[in-house]
Number of protein chains: 2
Amino acid sequence: MREVLILAHNAAFLEDRIKALPWSAALTPAAAQAHLDIGEVRSVDRGEPVLREGASADFVYSIADGALTVEKGRSAGDTQIVGFLFQGDMFGVVHDERYSYSVRATVPCELLALPRPAFERICERYPSVQRAMLQMASNELAGAQDHLVILGRKSAIERVSSFLLMLSERNSRLGYPAETPIWLPMRRADIANYLGLTLETFSRVFTDLKRRGVIQAQSMRHVRVRDVDGLRELAEKC
Amino acid sequence: MREVLILAHNAAFLEDRIKALPWSAALTPAAAQAHLDIGEVRSVDRGEPVLREGASADFVYSIADGALTVEKGRSAGDTQIVGFLFQGDMFGVVHDERYSYSVRATVPCELLALPRPAFERICERYPSVQRAMLQMASNELAGAQDHLVILGRKSAIERVSSFLLMLSERNSRLGYPAETPIWLPMRRADIANYLGLTLETFSRVFTDLKRRGVIQAQSMRHVRVRDVDGLRELAEKC
DNA sequence: CGCGACTTTGATCATCATCAACACGCGTGG
DNA sequence: CCACGCGTGTTGATGATGATCAAAGTCGCG
């Protein structure tokens, strides 16, 4: 962790990360370089908000490093976390005038902020980027709907299992070996909130999963899935 | 209702409805006419599915008349309703290859089905339509996130109140006078499902709201909101 | 080593789900 | 036109799941 933090301030490292962003692939190298010039790198401390629901949507962001929460306000202090964002994700794209949610860093983050006008010029110029954006929108929507299923129809243990499974599948999608532990950069309270539970309930279910041997805690923020099929079983019906 | 049904089969009436669809405004009259020629009008009976989750996304639909549910499957027979659609809404737009949800008619519906290739040609040709689509995507996403807040953080009475408020605000947005009763074309079970409740709990809360005088049932499927502020109060915090 | 933030565990309680019976409305057929 | 029956909605009694309140235990960092 500390190592990553130090490296994040190394320009060459950051540039690599940025060039590895998914939509960069849709551009020519020259165009990608142009964005690096236009875009502004922004460092955000843990707990700090990046953008706020209702504010004018002036920038789109790409995550070079770190993890963030997407939250939707209710009355002050009482928000629902509607998603987590990790390295390589973008946010602030699918909006009109104003942001419809807030985004906050759960660990120190390195972001690339692109002014929206510049971003839109790029969209117009590169149809492949445009298409990638629509793709993103559809993914985001599908993700939100999966989340709705979790909140609407699942029991506590199903919710926690689904969540861990989701992160585990993300790991595989990124090509990490199956033993790679899941990284949980967010606090228990945030996970519980995301799952529509209290942190106590989450904690109880979590230790229950450990007792059953389905998962194994490496440390507070790292979990290994020992029995994916068992987890899938628990996530589906129970 | 019966009156509408008969009228719906009247070609002139249907054409009017279709021309009143929101994205038609983004087109020249000639172009709008072209769609009517390309598009296929489809009648769907109550309870019948229009499209199924996972099926190839070959058409986009506009609703000329009726009301439908959007559902997301879990194990067979157990689905979460993630939204309701009414006259003027579109669906099937924000997807890649395959639909990510199923859509089913709750009352007899008249739809305009547009083959996706034709639709995409229109998008390319009319930037205003393209922009309208992005707008739609962002609205849909914002709607899903509001729904997440309901399911994640609200009590039964808050959920029901929010739901009624939503429909009431839709009425105002469409320019109907404040006394216009809300139309609830869907069954109680569907509403309850949408709200993450059982139909019994919904029913109880609903009668409670009637007893309090916040709402007044005109008939089984029509409710008048007597006290919008009271409803808003109940929806927000409790 | 000690402090504060975060997490786990425990005991009790409220909300909502479940199971079950009853009522209503609507269409059909006598 | 009324009677019957089914689909749908309401109401009631009970119980389970998860929330709340409270206290003890860890982790990580100075």
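Note: hydrogens, waters and symmetry copies are ignored here, and every other heavy atom, side chains too, is used. Each chain gets a letter, A, B and so on, in the order the sequences are listed, and its residues count up from 1.
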Keeping the roles fixed (side chain from B/R104, backbone from B/G47), state whether a donor-acceptor pair exists under 3.5 Å. yes

Taking the side chain of [X] as heavy atoms from C-beta outward, which of [options] is closest to it?
X: A/R187; options: D/dC27, C/dC6, C/dA17; answer: C/dC6
X: B/E200; options: C/dT7, D/dA22, C/dT18; answer: C/dT18
X: A/T198; options: D/dT20, C/dT8, D/dG9; answer: D/dT20
X: B/S203; options: D/dT20, D/dT11, D/dT8; answer: D/dT11
X: A/S155; options: D/dT20, C/dT18, D/dG18; answer: D/dG18

At less than 4.0 Å, is any side-chain N or O atom of [X] found next to OP1 or OP2 of [N]? Yes or no.
X: A/T207; N: C/dT8; value: no
X: B/R46; N: D/dT8; value: yes
X: B/T201; N: C/dA17; value: yes
X: A/R211; N: C/dT8; value: no

Rounding to an integer number of Å, can you tell me how far [X] [atom1] sits from [N] [atom2]?
X: A/F202; N: D/dA19; atom1: CZ; atom2: P; answer: 13 Å
X: A/M220; N: D/dC29; atom1: CE; atom2: P; answer: 12 Å
X: B/L195; N: C/dA17; atom1: CG; atom2: P; answer: 11 Å
X: B/R221; N: D/dT10; atom1: CZ; atom2: P; answer: 10 Å
X: A/D208; N: D/dT17; atom1: CG; atom2: P; answer: 12 Å
X: B/R153; N: D/dA19; atom1: CZ; atom2: P; answer: 10 Å
X: A/L151; N: C/dC16; atom1: CG; atom2: P; answer: 15 Å
X: B/K154; N: C/dC16; atom1: NZ; atom2: P; answer: 14 Å

Relative to the 5' end of DNA chain D, which residue comes earlier, B/L199 or A/L197, by the nucleotide with the nearest heavy atom? B/L199

State whether the distance check finds a donor on one side and an acceptor on the other, under 3.5 Å, for side chain B/R204 versus base D/dG12. yes

With heavy-atom distances below 4.5 Å as the criterion, would you say the side chains of B/Q216 and B/Q218 are in contact? yes

Verdict with supporting geometry, B/L197 and B/R159, side chain to side chain contact (heavy atoms under 4.5 Å, CB included): CA-CA 9 Å; B/L197 301 170; B/R159 294 182 196 201; 4.2 Å; yes

Any base atoms under 4.0 Å from A/G196, or only sugar-phosphate, or nothing? Heavy atoms, all strands.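 Contact class for A/G196: sugar-phosphate only.
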
With a 4.0 Å cut-off on heavy atoms, is A/R159 in touch with a base, just the backbone sugar-phosphate, or nothing at all? nothing

Applying the side chain to side chain donor-acceptor pair (under 3.5 Å) test to B/S162, which of B/K154, B/H147, B/E236, B/R232 qualifies?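 Between B/S162 and the candidates, side chain to side chain donor-acceptor pair (under 3.5 Å) is satisfied uniquely by B/K154.
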
Only one of A/T69, A/L184, A/L68 passes side-chain contact (heavy atoms from CB on, under 4.5 Å) with A/T106, and that residue is A/T69

Answer yes or no: does atom CZ of A/R221 have more than 12 heavy-atom neighbours from other residues, nucleotides or ligands under 6.0 Å? yes

Please determine whether the number of non-hydrogen atoms from other residues, nucleotides or ligands lying under 6.0 Å from atom CZ of B/R153 exceeds 12. yes

Would you kindly check if the NZ (Lys) or CZ (Arg) of B/R170 is within the cone defined by 45 degrees around the ring axis of B/F84 and under 6.0 Å from the six-membered ring centre?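 Output no; distance or angle outside limits.
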
Which angle, to the nearest 10 degrees, lies between the helix axes at the two ends of the helix from C/dC1-D/dG30 to C/dG30-D/dC1, each defined by five pairs?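 The angle separating the two end axes equals 30°.
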
